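Reviewing the structure listed below.
Source: prediction; values computed, not measured. Note on naming: letters A, B, ... go to the chains in the order of the sequence lines (proteins, then strands), and numbering restarts at 1 for each one.
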Amino acid sequence: MRRMLYSPKVAPYIFVLPFVLTLAIFWVSPLIKSFIMSTQDIIPGSVTNVGLANFERLIGDRLFYVALGNSMKYMIFTLFLLIPIPLLLAVLINSKLGSDRIKAVFKSVMFIPALTSVVVAGIVFRLIFSESPTALMNQIVGAFGIEPVKWLKNSETGFMALLTVASWRWTGVNILYFLAGLQAIPNDYYEAADLDGANAWQKFWHVTVPQIKPTLVFVVTISVYGGLAMFLESFMLWGGNNSPQNIGLTIVGYLYRQGIEKNDLGYASAVGVVLLIIVLAINIPQLIATGTFKKEER
Amino acid sequence: MKLKKFATAALAAGMATLALTACNTATPDAETTAEGSMITQEAVEGATELELWTFVELHAQFYTEMAEIWNEENPDKKVQIAVNVLPYDDMHNKLQIALTSGQGAPDISDIEAGKFPQFTQGTPALMDLTEAAAPYRDDIVEARLDLFSKDDALYGLDFHVGATVAFYNTELLEAAGIDYTTIKTWDDYQEAGAEYFEKTGKYLGTVDTSAAWQEGLLLAQLGGEYFTEDGKVNVNSPEMIEALTILKGLQDANAAAVPPGGQPDTEEAFGAYNNGDFAAAVMPFWFTSRYLAYMPDFAEKIAIAPPPTVENPVNISVGGGGTGTAVMKDGENAELAAEFIAWAKLGTEGNISTWELLGFDPLNTEVWADQEITHNPENKFVKYFQNNPFEPLLEIQDSIGHLESFTNGSMPSVNNLLNTQTLNDIFENDVPIEDALNQAQSDLQNELGE
């Protein structure tokens, strides 16, 4: 035992064993199970193999495309909102502008939404965007003489509400990612740039951005996945999984509806498999293009 | 340099896990502790403990009170009920997961009628209650047992008939010079509504986008169904088109509008009713309990009447909604649980309590005719409503229909699509009725793989 622990060949494997086991038990085995279940028709007490029938159903299922479209749209919009804005804010916080104490408060305040329960936040946002004339948003637009809006019943306004929740919730988290990246950039680079006479924009574009590329890649990767796998925000904003005209239906929402609400786990697994394929189809080319898989240069 | 990069990545990854676990763990806790609640009967010596799940807090009170009476009558097989009250969606989803995984299910559970068919798919995990129900069966409205039956096995016992009736706010209507007793047909209803709107600028009735109570009623009156005889989806049938044409007519004549919340039985709609924005509701009988709980100011102002009908209706009314109480067959005390539930829900005492405590129209129609019970001046429902609630019920007693569709395993899908998509299309976005229904038909055929 002792010899094994001290052996440079075996010890590393023992150290990574807990992680490998967790991965195998909680990730890989459900993944394989999902693939198997996606080819089955599962009703309590009987499981039949149906081959690719679930996928054929999926191809003809209009609501699945609605869900797919919503998730895609959400993912793209969150990429546009939740990468540039937090990056800018992080650069501001990291700069020499303003007092450190105020910036520390700002940083914590921005992070609070990530710590609150989405359940509570969802209810608050639902009330803010309620259709009654006394709801906050309707009072705000009312001040400009606009009639009360049924925010959560129209596709555009409902989507706006969803993006508001997302921005509110994730801006702070992304700021922290970027801050961590920014603080790892050695000051020497900026000093060298100053000596060369670079202006603020040039420093940002030629020093900051290349240096935080690993962080950027990481944030984009999880944002793509997070956007496509979004469920809870929509579930909470509409007080359930069934928004009017399915304007808030996402892929995972559809998976939940079929698997849990309608007890069709085979079909739901097929939805899950398709989601996995889509996420990989976006993330892998993106990671290859940004050079993540290349060996690190020395 | 390399070390720094590594540190950055590690930090970022660390924070990511932190953020993810924070949001993952926070959610279920908040739900179960904030919204669920446990109601346990006082400790009974030598009793068998039975766990029960429900989504209506009032039901919990009913079960614990019934358990006390049962224990007095059956000292040799006492029960102690622990009721877990959970939100509607949560409860059904949790039960589904517990039954699928074979772990953590209660002994007894309430299952709402709209969700019931999916629990009887395949080999149901629910116990056949035919035997337990046998002693009471003769006096019970059979259609309400059929609703929870499949292949000659009875899986759930209901609380009520849920006959759809009309509720009118007589104070508001009288102020506008409208006499609700003259409203017999949907045409009358539309005319009265238009007149009411002209005089007050407010609406008489509702057209709903998140529930299909009125569609169910109209289908029963027109003799239609959501499915063909061999169980295939048929939501663009002539009856369905006619039903929605009638409702759309109400909306076009300003006799009805979409209420906040999309249907009367929502918190938002109770607010609108309390504001006097709507003067009538065509809802199942159990809506009585909502008046008492959420609209106390209208005491003695609400009258109950038979629902508006089409010309020569097949049935005047229909049973709407319902809650089947089911016993899990793998439960340790399934036999005792079944005996208790059958007694509580079908026996005379239970049926009287159902009315007195919950304000439902009980399954045992003997109770309907018992003046001592129905006209008890101390009863809070008798006190609240302007006329005696059983008057309209007795009037339509022989014409309360039942849709076969409600027992079809695909009914949850139909409900889901109507209440999210189709009714919104028709009443909010003015999509032509036939187009919306054809779309629904093809969506459902695809989804169900027909």
Side-chain angles (χ1 to χ4, degrees), chain A residues 42-47 53-54 56-57 59-64 66 114-120 130-132 150 153-154 169-170 173 176-177 180-181 183-186 212 214-215 218-219 222 232 236 240-246 249 256-265 267 296 298, chain B residues 1-2 4-5 7-9 11-13 15-16 19-20 22-23 26-27 29-31 34-35 88-89 92-93 96-97 99-100 115 118-125 209-210 258 260-262 268 271-272 412-413 416-417 419-425 428-429 439 442-443 445-449:
Chain A
I42 301 162
I43 49 173
S46 87
V47 175
N54 285 328
E56 278 164 30
R57 254 172 85 190
I59 289 169
D61 192 338
R62 192 181 65 88
L63 284 179
F64 174 69
V66 171
L115 299 177
T116 38
S117 137
V118 188
V119 179
V120 176
S130 153
E131 62 189 70
S132 74
K150 290 182 174 180
K153 280 191 174 169
N154 295 315
R169 187 167 169 75
W170 296 112
V173 179
L176 276 199
Y177 290 146
Q183 281 164 359
I185 304 174
I212 57 160
T215 318
F218 170 75
V219 173
I222 58 164
L232 201 55
M236 287 307 153
N241 198 19
N242 297 312
S243 48
Q245 290 170 301
N246 295 308
L249 184 69
Y256 183 82
R257 183 186 289 175
Q258 291 297 344
I260 306 296
E261 295 179 346
K262 293 184 182 168
N263 201 22
D264 193 348
L265 283 170
Y267 193 49
E296 197 153 334
R298 286 172 192 267
Chain B
M1 185 58 224
K2 202 182 156 197
K4 272 207 173 138
K5 258 192 185 170
T8 317
L11 189 64
M15 280 189 304
L20 289 174
C23 78
T27 329
D29 278 348
E31 274 179 10
E35 297 185 48
Y88 176 86
D89 273 326
H92 289 98
N93 295 343
Q96 186 85 71
I97 295 166
L99 292 177
T100 310
K115 296 266 188 188
Q118 75 196 40
F119 287 91
T120 55
Q121 287 173 324
T123 317
T209 54
S210 65
V258 178
E268 293 95 325
S413 291
N416 183 283
L417 191 78
N419 300 339
T420 53
Q421 182 85 45
T422 314
L423 299 178
N424 272 296
D425 282 346
E428 291 276 8
N429 295 12
Q439 179 71 64
S442 85
D443 282 354
Q445 281 173 334
N446 277 328
E447 192 200 314
L448 299 167

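Closest of all the heavy-atom pairs between B/Asn424 and A/Pro244 is ND2-CB, 3.4 Å. In this structure, A/Glu131 and B/Pro260 approach most closely via the heavy-atom pair OE2-CA, 3.8 Å. Of all heavy-atom pairs spanning A/Ile260 and B/Gln96, the tightest one is O-CG, 3.8 Å.
There is no contact between B/Thr422 and chain A, counting heavy-atom distances below 4.5 Å. Both the backbone and the side chain of A/Glu261 come within contact range of chain B, judged by heavy atoms closer than 4.5 Å. With a threshold of 4.5 angstrom between heavy atoms, B/Gln439 approaches chain A through side-chain atoms but not through N, CA, C or O. Residue contact with chain B, scored on non-hydrogen atoms closer than 4.5 Å, involves the side chain of A/Tyr256 exclusively. Contacts between A/Leu265 and chain B at a heavy-atom distance below 4.5 Å involve the side chain alone, from C-beta outward. Contacts between A/Glu56 and chain B at a heavy-atom distance below 4.5 Å are absent for every atom of the residue.
With rounding to the nearest 0.5 Å, the separation of CG in B/Asn429 from CG in A/Asn154 is 7.0 Å. Atom CG of A/Asp61 sits about 7.5 Å away from atom CG of B/Asp443, to the nearest 0.5 Å.
Ion pair A/Lys153/B/Glu428 flagged as a salt bridge, since at least one NZ, NE, NH1 or NH2 atom sits closer than 4.0 Å to an Asp/Glu carboxylate oxygen. Contact check on A/Arg257 versus B/Glu447 returns no salt bridge, with no Lys/Arg side-chain nitrogen under 4.0 Å from an Asp/Glu carboxylate oxygen.
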Residues B/Asn419, A/Asn242; criterion side-chain contact (heavy atoms from CB on, under 4.5 Å); working and verdict: CA-CA 8 Å; B/Asn419 300 339; A/Asn242 297 312; over 6 Å; no
Using the rule given for side-chain contact (heavy atoms from CB on, under 4.5 Å), can you reason through B/Gln421 versus A/Asn246, listing the C-alpha separation, both sets of side-chain angles and the distance that settles it, and then say yes or no? CA-CA 7 Å; B/Gln421 182 85 45; A/Asn246 295 308; 3.3 Å; yes
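With A/Arg57 contributing its side chain and B/Leu448 its backbone, the two residues share no donor-acceptor pair below 3.5 Å. Put simply, the side chain of B/Asn446 gets close to the backbone of A/Gly60: a donor and an acceptor are under 3.5 Å apart.
Side-chain contact check for A/Ile42 versus B/Thr100: every heavy-atom pair is 4.5 Å or farther apart.
Annotation: maximal heavy-atom pairing with chain A below 4.5 Å, among B/Leu99, B/Ile97, B/Asn416, occurs at B/Asn416.
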